[in-house]
Amino acid sequence: MEIVFRAAVMYVFLWIVTRATGKATLGELSTFQLVFYIVLGDLIQQGVTLQDYSVTGAVLAISVFAVLTVAVSWANLRWPRARPLIHGAPVVVVSDGEMRGDLMQVERLSVDDLYEAARANGIERMSQVRLAVLEADGQISFFKRDGEHEEPRRRPEH
């Protein structure tokens, strides 16, 4: 019966934490957010299955993660100069049809990955690309030369 009580307490607490830390759908989670939720799951499991001898220990550990997540989000809003450090900055990887190999290497973006993302956006040749930007979240935005202002489609993360 103690496990049922612990599970109920952790369920309510996790619901409160996820409401407090912000909203995002699974497809919009950053790598850090995904790891955050996986770690939360492990911490909850320890508190529920008695591997940690107190629910308080699990609640405290999750609270620290939640407070730090909110603090980083607040810092991101409060200090614009911290944004590139916290979330990264977009990088132009194709300019006027020419791939920027030096920047692609720094960002560990392969030519094959770039071509795959271009094909997913209906682009046959790099010469059609006016600008391609590797976004901070790892997706690539393409802007065509022909002046069509389509909504830029993004490559799904793997």
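These numbers were taken from a predicted model, which means no experiment stands behind them.
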Which residues pass the side chain to side chain contact (heavy atoms under 4.5 Å, CB included) test with Ala82, not counting sequence neighbours? Trp79, Ile86
Can a donor-acceptor pair be found, under 3.5 Å and without considering hydrogens, that links the side chain of Arg83 to the backbone of Asn76? yes
Please report the shortest heavy-atom distance between Val91 and Glu107, naming the atom on each side. CG2-OE2, 3.6 Å
Could you check Asn121 against Ile140 for side chain to side chain contact (heavy atoms under 4.5 Å, CB included), going step by step and ending with a plain yes or no? CA-CA 10 Å; Asn121 281 277; Ile140 302 174; over 6 Å; no
If you look at every heavy atom in Ala118 and Met126, which pair is closest and at what distance? CB-CE, 3.7 Å
Would you give the length of the straight line joining atom CG of Leu114 to atom CE of Met99, rounded to the nearest 0.5 angstrom? 6.0 Å
Pairing residues for Ser127 by the side chain to side chain contact (heavy atoms under 4.5 Å, CB included) criterion, not counting sequence neighbours: Arg125
Those residues at least two apart in sequence (or on a different chain) that pass side chain to side chain contact (heavy atoms under 4.5 Å, CB included) with Val133 are Pro90, Val92, Leu131, Glu135, Phe143
Who pairs with Asp102 by side chain to side chain contact (heavy atoms under 4.5 Å, CB included), at least two apart in sequence or on another chain? Arg100
